[in-house]
Structure formats: structure tokens, C-alpha cells
Amino acid sequence: MDTTQLALLALLAGIIIGGSISAVVVASMRARDRAHAETSLEIPDGVRGVLHGMDDPAVVVDASFTVLAASSAAVAFELLEGGTLPTDELRALARRVRTGDAETAEPSATETMRLRRGAPPAEPRLVAVRASRISPRLTLLVLRDISERERVEEMRRDFVANTSHELKTPVGAVSLLAEAIESAADDPPQVRIFATRLQAEANRLALLTSRIMNLSRLQAADELRQQDVSIDEVVASALDAHAIQADSAGVEVMRGGARGLYVHGDAQVLSEAVGNLIANAIAYSPRGSSVGVGIKAVDRIVEIAVTDRGIGIAEGEQDRVFERFYRSDPARARRTGGTGLGLSIVKHAVQRHGGEVRLWSRPGRGSTFTIRLPQIDAPALEPAPKRGRKKKKAAATAPATAPAAPAGTAKEPAAPAAAPVAADAAPAAKRDAAASARSAKAAAAKTSVGPAGGTNPASVANGDPA
């Protein structure tokens, strides 16, 4: 074998050996990168910026379900950086897209679940959660609150059926009573009877329409007016609004518990919610019984409990009493003029304020409805301006210090305090003061004085001015 052949053979062997070494190096580097990717918790570039620009709650979690990055909206669902996923449903969804091989595992998955938005007593919200795998150890979770969409869809389905069913009764009664009045036009007593019933049905129809409008307003997406609300004023307003109803029903309404508590929300809406509970308690309580309204604060939660000793609610119906147009006792509700919307209004009003309504009831023993709202600190009272107090005090003491005017003479208007007094007016002022003093002395001489220096009782008894 000559030199040329040996050189070619050596070159071929070098190429083979070099290629093998290069392949081994590339394979080892890929294995190292794969191992680093599987064990790395470093968030890819740009992910944090995308999270911060999202309106929906979104988080990036690792294999131990620890939140490494979160959007600002995720705080409402208690998804904070450094914390863990709060529910088992979220952990199961994240685990489903992360486990398995890259080719066989699901790249993304979506589930609908109920998560609590905010601290208790906030109601759970219906949320659609989408999980996507970023790396073998990192998962992206995006949450979308679909409670409002589901609520609107549900309301659209049952509004027509429920409203038409409830409205046809008073509308039909009004039509029949109008025909009866027309047919009994020559019988005044019957006309008065039919007119009274017609007015009752018209009032019931107006109440039902008002309740439907209030419920629609509470279920709308518009934000309520938010301000610091005193629970004392809310309860006092509700009690005053139903005082006549309580007197007519022979039911005593008593208020007890803590005072000086505040919440954040709309005072009118809360007063109407508490008033609906009081109205129901009065309507379902026997004559001579009592209704209690108790207030307390537990763990920064204000509780307003309305308790009655009425007929109570069966356990199987307690979950349905907050439904629209639902009545546990339809015959009694018809007699009392109930619409079946009062408790539904209470539920939606409290939910719009971030609270909840709880019910305890036993048939024959009564019911207790408890409104639970997040408590806030009492607002600081702003002191009144000192200048205003001085002016008020000066105005209050001015009549006491002014000299008495002679009887039968008209008083001249006093000059403003800041007006300058002319020098030549001093003698006239002295003469007026002296005349006033003489008149007061003469009047005192005519007044009877008792032993203690006061007015003589005999003069008062005879009709003389005291």
C-alpha cells in the first residue's frame, strides 16, 4: 500500500472518529439542556410582562404548585407569588397537563370550577380555568370569571316563564273585577266591594312590578354606589319602614346587639334587604309574638340576624327559598301579599356587597336569617370649624344680653357687628340704654315675685304671663 492510500485511509478514519466525537458531544449537550429544562424553574423571557398586562387572573406554577409569577387580577382569588394553589381542582388541572411525555401529554386543558373570590363570606364564583404547559416543570393557569355570563343566561331562560306566570294572576283578577263592576253598576254596595278588591289587586301588581325592577337593578352589571354605611342607620331605617306593619300584625320588633359598626356599600340597598327580612318575619309570626334584630361583629364580619317565632321552613325547602318567585307556603303568601321576590332581592343585594345570607329554621320553632358583610373601620368624624361655633354661640347669647325693649314699642334692627359706630351716635346710644333700663325696672315692679325670688304661682294660675 503506497503512501497516498495510507493518507486517504488515515483521513477517512479521522473523519469517522471526529464525527463520532462530535455526535457524542452534541448528544451530551442536548441531554444536559434537557435535564436543565426539566429541573429549571426559570420563567422564560417575556412571560412576566405578558402576565402584568393581562386583565384576567393568570399565574405560573412549578411542579410543587407554588406560584412563581402572577398577574395583578389574580390577587382577588388569593393567588399570590410565593403561595400555593388554594384548591385541589386547580392542582389536578395543572398536574394533568404537566405529567407524561411531551408528545403524549395534553398541551392544554380547560375546566369549569367554582372558586371563592375574596375572603369569606364572599360567594364562590364560576370560573373557567385553562392550563397550558410552558416547560416540564412550569404550567400557566389562566382564569376567566364566567359567573355573570352564566347568571345572565339563566335569568334569560327563566325570566319570561316566571314573570308571565306571576303577572297573569293579578292581571286576570283586574280584568274580571272590571267586568264585575260594569255588570253591577246599579248595585252600589257590590260596586264598592269590587272596587276594594280591584284596588288590592292593583296594589299587588304595582308591588310585584317594583320588586321585579329592583331585582333587575341588583342583577345588572352596573356598580352600586359605594360609601361608608352605618349599620345602625340601616337597621333604624328598616325598622321605621315596617313599624306600621308590626303594629297592625300585633308583633313586637326588638333591636339588640352591638352598635357603631360600619360596612362599605349602598345604604339604600342594604336597608331594603334588611327591611325585606323584617317584613317576612312579621308576616309569618303569630299575633302577640316578637321579632328580634341582633347585630354583632365576629372576625371582621358584621352579622345582622333577624329571628322570628313563626311557622318555620322545612329543611328540604331551605335551599330554594332564595329562588325568584319561590314560596314555601303559597296559600299564606297570597293572603299576606307576598311576591316570592323578597328573599331573592336580599340574596343578590348581599352578594353585590361581598357578603352572604345564612338560614337556620325549624318547623314550628321559627327562622333566623343572618346577613354577613365585611366590616370596615368607623370613619373619623371631622371636627366642626371653630369659627362656626363662635358665631353660633354669639348668636345664641345675643338675645339674652340684649336689654329688654319697652312694651308696645317696635325693636329697631341691630347693626352688623363689623359696622363702625359714628362718634356722634354715642349720646343717642346712651339715652336709649337709659330708657331701656327704666322700662325694665318698671316692668319688674309690676311683676309679682314669690318668696324665692321667682314668679308668684298665684299670678300664673290666674292667667297672668309667667
Side-chain angles (χ1 to χ4, degrees), residues 120-121 123-124 154 158 161-162 165-166 169-170 200 204 207-208 211-212 214-215 218 234-235 238-239 241-257 270-296 298 301-351 355-373:
E123 290 286 338
E154 180 183 359
D158 61 5
N162 290 337
H165 174 72
E166 293 297 327
T169 301
R204 183 168 175 265
L207 177 62
L208 180 59
R211 289 285 179 89
I212 292 175
N214 290 338
L215 184 60
L218 289 174
V234 168
V235 174
L239 292 176
H242 296 85
I244 297 178
Q245 179 190 1
D247 292 339
S248 301
V251 176
E252 182 183 5
V253 182
M254 298 179 294
R255 193 263 195 215
L270 291 177
S271 179
E272 182 179 357
V274 177
N276 285 343
L277 295 183
I278 295 176
N280 284 352
I282 294 173
Y284 287 90
S285 295
R287 180 174 291 274
S289 62
S290 61
V291 171
V293 181
I295 303 170
K296 67 177 181 179
V298 180
I301 300 297
V302 177
E303 296 185 354
I304 307 173
V306 179
T307 304
D308 62 69
R309 297 293 182 267
I311 60 176
I313 303 172
E315 186 175 358
E317 297 179 343
Q318 294 182 12
D319 293 336
R320 300 194 59 192
V321 294
F322 295 101
E323 296 179 6
R324 290 183 293 270
F325 301 109
Y326 182 80
R327 302 180 181 92
S328 59
D329 188 356
R332 184 180 181 93
R334 294 289 181 184
R335 293 195 303 269
T336 58
T339 61
L341 292 175
L343 292 179
S344 181
I345 291 176
V346 173
K347 176 184 176 182
H348 287 88
V350 174
Q351 286 180 347
E356 64 175 354
V357 183
R358 293 182 178 179
L359 168 62
W360 177 93
S361 184
R362 293 291 184 273
R365 297 179 58 185
S367 306
T368 298
F369 289 85
T370 304
I371 294 177
R372 306 180 77 242
L373 299 169

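Keep in mind the model is a prediction, meaning the values are calculated, not measured.
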(message) Test your reading of the model: is there a side-chain donor-acceptor pair from Thr307 to the backbone of Val293, 3.5 Å cut-off?
(response) no

Here the pair of heavy atoms bringing Ile345 nearest to Glu272 is CG2-OE2, 4.3 Å

### Message
With heavy-atom distances below 4.5 Å as the criterion, would you say the side chains of Phe369 and Val346 are in contact?
### Response
no

Here the pair of heavy atoms bringing Ala314 nearest to Pro363 is CA-CG, 4.0 Å

Any chance you could lay out the side-chain contact (heavy atoms from CB on, under 4.5 Å) test for Ile304 and Leu270, step after step, and finish with the verdict? CA-CA 11 Å; Ile304 307 173; Leu270 291 177; over 6 Å; no

Open item on the list: Donor-acceptor check, side chain of Asp308 to backbone of Ser367, threshold 3.5 angstrom: yes or no?
Closed with: yes

Taken to the nearest 0.5 Å, the spacing of Ile282 CD1 from Ile244 CD1 works out to 11.0 Å

Do any N or O atoms from the side chain of Arg287 and from the backbone of Ser248 form a donor-acceptor pair under 3.5 angstrom?
yes

One should read off an interatomic distance between Thr370 OG1 and Glu356 CD, to the nearest 0.5 angstrom, of 9.5 Å

Sequence neighbours excluded, the answer for salt bridge (Lys or Arg N to Asp or Glu O under 4.0 Å) partners of Arg362 is none

Rounded to the nearest 0.5 Å, the CG atom of Leu359 sits from the CG atom of Leu343 at a distance of 8.5 Å

**Asked** For Arg255 and Leu239, what are the C-alpha separation, side-chain angles and deciding distance, and is it a side-chain contact (heavy atoms from CB on, under 4.5 Å)?
**Response** CA-CA 9 Å; Arg255 193 263 195 215; Leu239 292 176; 4.0 Å; yes

Heavy-atom nearest pair, Arg365 first then Arg309, reads O-CD, 3.9 Å

Separation between CD1 (Ile301) and CD1 (Ile371), nearest 0.5 Å, reads 13.5 Å

Looking only at heavy atoms, the pair that brings Val253 and Ala246 closest together is CG2-CB, 3.9 Å

